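Some notes on the structure that comes next.
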Amino acid sequence: MFLTNNEKNVVNSLDSLYYEKLLTIIGSSKQVLVMFNDKRVLEHIRPAALAFMITLEKQLNSELFSQQNFQPEKHFTTFARGRSYKLEQLETAQDQHTWVLMLNSPFEETVEKLKKSIDDYSKEPTDGFLNYQKQNLKILDDEEFSDSIMVLRNQNMANSIEKLLTENKSVFVMIGAAHLLYETRVLNLLSQKGFLIKPYIVNLNKE
């Protein structure tokens, strides 16, 4: 899904200035962009997919990323399966790919998304990993939280949780921290649906 055989591609659709910037970013990569050193890959990668990878590369430059971290998704999935609990998805992999890769968007719009990610790469990043360690949920840049795709995903997650809560006596839900901030956050959307939201405080700071 990250690839396409469209005649229009990253190589022939970016102007020379942006293409040179892109090659510079790829050339300095130590993480996910290394695979794009081959021009043939750039001729088939979707612009929105490459934009996503550039943003991911920037996030993975965090000083904390090289450390081994606790993986809650893996832990609780193993825990649930070990007790034969029913597992549900709030959004499917197909949904995620459709939104992240902008599969329903015009090609020109996805190129603009790529150009923006190229421009943003040199800006001072928000270190999501470091903020998360400090229990600060601002793990993305502000504009990412207001992006239409993020808003749509939050709405779909809230709708999925509402459905689960009407069908089950109790549920345990895990969502990414990026969906817990600002007015469009999932918990706020659930509150608007009439659910009572109460925090459960856990002290995660090391003594």
Side-chain angles (χ1 to χ4, degrees), residues 1-67 69 71 73-74 89-132 139-157 175-179 184:
M1 295 182 70
F2 275 67
L3 302 177
T4 177
N5 288 320
N6 195 324
E7 290 184 4
K8 295 181 179 180
N9 57 58
V10 170
V11 176
N12 62 30
S13 297
L14 280 179
D15 59 54
S16 58
L17 177 61
Y18 272 99
Y19 188 64
E20 288 302 318
K21 287 182 178 180
L22 174 62
L23 294 182
T24 299
I25 293 173
I26 293 174
S28 63
S29 169
K30 298 178 182 178
Q31 305 279 357
V32 296
L33 294 177
V34 174
M35 69 182 78
F36 299 111
N37 274 313
D38 191 326
K39 181 180 178 181
R40 292 171 297 179
V41 180
L42 290 179
E43 291 176 340
H44 294 284
I45 186 73
R46 293 181 185 276
L50 184 55
F52 170 74
M53 302 294 272
I54 290 174
T55 301
L56 182 60
E57 174 86 24
K58 184 177 179 179
Q59 293 172 345
L60 296 187
N61 286 332
S62 169
E63 62 183 74
L64 295 180
F65 183 72
S66 61
Q67 301 178 22
N69 292 297
Q71 298 175 310
E73 300 96 331
K74 181 178 180 181
Q89 296 178 341
L90 296 183
E91 57 183 10
T92 67
Q94 178 69 40
D95 289 336
Q96 290 182 331
H97 283 106
T98 298
W99 294 324
V100 171
L101 304 183
M102 302 176 68
L103 297 181
N104 297 328
S105 303
F107 179 82
E108 291 71 20
E109 188 176 328
T110 67
V111 172
E112 290 303 312
K113 177 79 170 180
L114 173 58
K115 291 167 68 174
K116 183 179 184 306
S117 69
I118 293 174
D119 287 334
D120 289 346
Y121 189 81
S122 59
K123 296 179 181 178
E124 187 67 26
T126 296
D127 193 325
F129 292 94
L130 191 59
N131 280 358
Y132 190 76
I139 61 175
L140 299 174
D141 296 326
D142 286 337
E143 57 191 26
E144 295 290 337
F145 286 102
S146 60
D147 186 88
S148 59
I149 294 176
M150 176 67 80
V151 173
L152 178 61
R153 291 185 64 197
N154 287 351
Q155 291 171 343
N156 284 346
M157 286 184 183
I175 59 176
H179 302 285
T184 58

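Model, not experiment: these values are computed from the prediction. Any value given below was found using the heavy atoms of this structure, including those in side chains, with hydrogens, waters and symmetry copies removed.
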Any side-chain heavy-atom pair of Lys21 and Tyr121 under 4.5 Å | no
Calculate, to the nearest 0.5 Å, the distance between atoms OG1 and CD belonging to Thr98 and Gln96 respectively.
-> 10.0 Å
Just how far is it from atom CG of Leu101 to atom CG of Leu50, taken to the nearest 0.5 Å?
-> 11.5 Å
So do Leu42 and Leu23 actually touch side chain to side chain, heavy atoms under 4.5 Å?
-> yes
Which atoms form the tightest heavy-atom contact between Lys123 and Asp119, and what is the distance?
-> CG-O, 4.0 Å
What do the steps show when you test Gln155 against Leu152 for side-chain contact (heavy atoms from CB on, under 4.5 Å), and what is the final call?
-> CA-CA 5 Å; Gln155 291 171 343; Leu152 178 61; 4.1 Å; yes
Do Glu91 and Asn156 come close enough that some side-chain heavy atom pair is under 4.5 Å?
-> no
Are Asp95 and Thr92 close enough that a side-chain donor and a side-chain acceptor fall under 3.5 Å?
-> yes
Check whether any side-chain heavy atom of Arg46 sits under 4.5 Å from a side-chain heavy atom of Met102, and report yes or no.
-> no
Gap between atom OH of Tyr18 and atom CD1 of Ile25 - 0.5 Å precision | 10.5 Å
Could you state the interatomic distance from CD1 (Ile45) to CZ (Phe36), rounded to the nearest 0.5 Å?
-> 4.0 Å
One should read off an interatomic distance between Ile54 CD1 and Leu33 CG, to the nearest 0.5 angstrom, of 6.0 Å
Under a 4.5 Å cut-off applied to non-hydrogen side-chain atoms, are Thr4 and Phe107 in contact?
-> no
Got Met150 and Thr184 here, is their nearest side-chain heavy-atom distance under 4.5 Å?
-> no
Rounded distance [0.5 Å steps], OG in Ser13 versus CD in Glu7 = 11.0 Å
Beyond-backbone contact of Asn5 with His44, side-chain heavy atoms, under 4.5 angstrom | yes
Can you check whether Val34's main-chain N or O pairs, donor with acceptor, with Asn37's side chain at less than 3.5 Å?
-> yes
What heavy-atom pair brings Met1 and Leu103 nearest, and what distance separates the two atoms?
-> CE-CD1, 3.4 Å
Pair Arg40 + Glu43: basic N to acidic O under 4.0 Å | no
Within a strict 4.5 Å, meaning less than it, do heavy atoms of the Phe2 and His97 side chains meet?
-> yes
